[in-house]
Amino acid sequence: MKDEYKACPERSRFFYFNNMLRIAIQSKGRLNEDSLSMLQSIGIEIDDPKRKFLSKARGFELETLFLRDDDIPGVVEAGTASLGIVGLNEVVERGANVEIVTRLGFGKCRISLAVPKNSGYDGLFWLEGKRIATSYPAILGRFLEEKGIHATTEIITGSVEIAPAAGIADCIFDIVSSGSTLISNGLIEVERVFESEAVLIADKNMPEEYVPALDELLFRIESHKTSRGMKYMMMNIPLASLDEATKILPAMRSPSVLPLASEGWCSLHSVVEASTMWEKIRQLKAIGAEGILVTDLDKIIL
Ligand code: PRT
Ligand code: ZN
């Protein structure tokens with residue numbers, strides 16, 4: 001197996017590349033499925049991802065390396081993988097010297113301070129002299145220093161939310177997403193300190209030969225991100241209402257107008273944000289739109 005790999009002379013450490021771009025992905029956990037489905041949506045299929053450590057992708061010159069999320073920033077910094085998909089929280093906590101190429105829009109969460117419900121928390125000064133349990137001591141340390149607060153950090157690697165009830169700490173600094181874990185442990189979120197989501201990271205010393213593949217990958221990711229939350233709308237509209245309809249549907253340049261066999265009518269096609277879709281449908285119906293069709297969008301190439 002080793003024979004098909006070659007040494008990479010550009011780098012100081014000795015390791016092997018299968019002569020293609022390599023991306024590190026979380027092997028299991030919260031980011032695994034979303035990472036794989038994002039790759040799939042941009043035409044990159046990974047065979048049997050559950051059982052392999054290293055796998056070649058189909059649809060792109062890419063090799064995937066499945067790891068624990070904790071290891072991904074370091075592996076990319078060392079260049080063992082040129083790219084990685086990991087939470088921004090992990091990259092910042094570890095102080096990894098990697099390029100943050102783009103935010104990926106999934107795995108959104110925040111790291112917050114949370115205190116027991118009846119703690120009498122009345123502002124940041126409450127934290128003075130307290131014990132704070134966390135798995136993110138570096139991010140917490142920077143926050144406390146910035147605010148001039150002296151507190152003790154208790155480093156815990158799992159189930160941080162039970163620390164106050166267990167008497168290990170007075171409050172916690174942990175990842176929050178829906179907030180239900182805090183509620184079920186009798187805690188309330190009092191300060192949102194760090195906003196996170198999955199990011200694509202890159203080795204700052206990536207071999208030159210991989211840059212074109214990274215550019216293509218990024219192009220596909222951006223077109224996928226642009227299409228997220230957008231809908232494609234088609235409808236028939238009386239010609240007399242066309243000007244007004246164009247104002248309701250600004251689209252990327254302007255909506256496409258196609259002739260219809262019935263006189264005095266045309267067909268209008270446009271792209272709208274899903275969040276505004278129902279309001280636009282209401283406005284368009286009011287000016288005579290009929291046969292409105294709405295479909296999902298897969299990619300937008302700007
Ligand atoms: O095994 P491995 O080391 O790879 O994974 P892990 O167990 O260390 O991490 P994992 O899979 O739990 O999370 C991976 C990444 O997902 C994190 O680094 C974050 O960037 C992101 N993420 C997004 C989250 C959450 N949302 C999240 N809710 N990570 C953890 N949580 C925890 C949170 O701490 C809480 O205990 O999930 C629990 C439920 O959260 P609520 O607020 O929805 O109740
Ligand atoms: Zn982890």
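- To the nearest 0.5 Å, atom NE2 of residue His150 and atom CD of residue Glu145 are 9.0 Å apart.
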Original post:
After noting the C-alpha distance and the side-chain angles of Phe66 and Ile46, does the key distance pass the side-chain contact (heavy atoms from CB on, under 4.5 Å) rule?
Top reply: CA-CA 11 Å; Phe66 290 98; Ile46 316 292; 3.9 Å; yes
Please table the atom pairs, donor to acceptor, closer than 3.5 Å between any side-chain atom in residues 105-112 and protein atoms at least two apart or in another chain.
unit_1 : atom_1 : unit_2 : atom_2 : d
Arg110 : NE     : Glu189 : OE2    : 2.7
Arg110 : NH1    : Ser177 : O      : 3.2
Arg110 : NH2    : Glu189 : OE1    : 3.0
Ser112 : OG     : Glu189 : OE2    : 2.6

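- Contact between Ala245 and Leu284 at its shortest, heavy atoms only, is CB-CD2, 4.0 Å.
- Between Leu258 and Cys266, every side-chain heavy-atom pair lies at or beyond the 4.5 Å cut-off.
- Donor-acceptor pairing under 3.5 Å is recorded for the side chains of Lys225 and Thr102.
- Using a 4.5 Å cut-off on side-chain heavy atoms (C-beta onward), Tyr232 and Leu293 make no contact.
- Formation of a donor-acceptor pair under 3.5 Å by the Arg22 side chain with backbone atoms of Glu63 is not found in this model.
- When atom types are taken as modelled, the side chain of Thr64 and the backbone of Ser55 share a donor-acceptor pair closer than 3.5 angstrom.
- Ion pairing between a basic and an acidic side chain is recognised when a charged N comes within 4.0 Å of a carboxylate O; Lys247 and Glu244 show no such pairing.
- Although no hydrogens or angles enter the test, the distance criterion places a donor-acceptor pair under 3.5 Å between the side chain of Trp126 and the main chain of Ser119.
- With respect to Val272, the side-chain contact (heavy atoms from CB on, under 4.5 Å) criterion is satisfied by exactly one of Leu249, Val294, Leu297: Leu249.
- Partners of Glu191 by side chain to side chain donor-acceptor pair (under 3.5 Å), not counting sequence neighbours, listed by chain and number: Tyr121.
- Contacts classified as salt bridge (Lys or Arg N to Asp or Glu O under 4.0 Å) and involving residues 157-181 (residues at least two apart or in different chains) are given here: Arg131-Asp170.
- Annotation for Ile172: hydrophobic cluster partners, listed by chain and number, are Ile156, Val160, Ile168, Val176, Leu182, Leu187 (ILVMFWY side-chain heavy atoms under 4.5 Å, direct or chained).
- In this structure, Gln26 contributes its side chain and Leu31 its backbone to a donor-acceptor pair below 3.5 Å.
- A continuous path of Ile, Leu, Val, Met, Phe, Trp and Tyr side chains, each step under 4.5 Å between heavy atoms, connects Ile292 with Ile248, placing both in one hydrophobic cluster.
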**OP:** Evaluate the side-chain contact (heavy atoms from CB on, under 4.5 Å) criterion for residues Arg68 and Asp71: first the C-alpha distance (whole Å), next the side-chain angles of each, then the deciding distance (0.1 Å), finally the verdict.
**Re:** CA-CA 6 Å; Arg68 288 196 62 181; Asp71 298 330; 3.9 Å; yes
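- Hydrophobic cluster membership differs between Leu239 and Leu260, with clusters built from Ile, Leu, Val, Met, Phe, Trp and Tyr side chains linked at under 4.5 angstrom.
- Every residue meeting the side chain to side chain donor-acceptor pair (under 3.5 Å) condition with Ser178, not counting sequence neighbours, appears here in chain and number order: Ser180.
- By the side chain to side chain donor-acceptor pair (under 3.5 Å) test, Arg58 is found to be paired with Asp47, residues two or more places apart in sequence or in another chain being considered.
- Panel note: side chain Ser241, backbone Ile287; a donor-acceptor pair is recorded below 3.5 Å.
- Side-chain N/O atoms of Tyr136 and Glu90 include a donor and acceptor closer than 3.5 Å.
- Without hydrogens or angle criteria, Glu154 side chain to Ala169 main chain gives no donor-acceptor distance under 3.5 Å.
- Met235 has its side chain out of reach of Glu290: every pair of non-hydrogen atoms, C-beta onward, lies at least 4.5 Å apart.
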**OP:** For side-chain contact (heavy atoms from CB on, under 4.5 Å), just list the numbers for Lys130 and Ile149, CA-CA rounded to whole Å, side-chain angles, deciding distance to a tenth of an Å, and then say yes or no.
**Re:** CA-CA 10 Å; Lys130 296 284 196 299; Ile149 293 162; over 6 Å; no
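- Nearest heavy atoms, Pro207 versus Ser82: CD-OG, 4.2 Å.
- Checking Leu217, Leu65, Ile201, Leu218 one by one against Leu83, the side-chain contact (heavy atoms from CB on, under 4.5 Å) holds for a single residue, Leu217.
- In this structure, Val193 and Phe173 have side chains that are in contact, with non-hydrogen atoms separated by less than 4.5 Å.
- Listed for the Asn185 side chain is no donor-acceptor partner under 3.5 Å among the backbone atoms of Ile162.
- Annotation: the span from Asp203 atom CG to Asn97 atom CG amounts to 9.5 Å, rounded to 0.5 Å.
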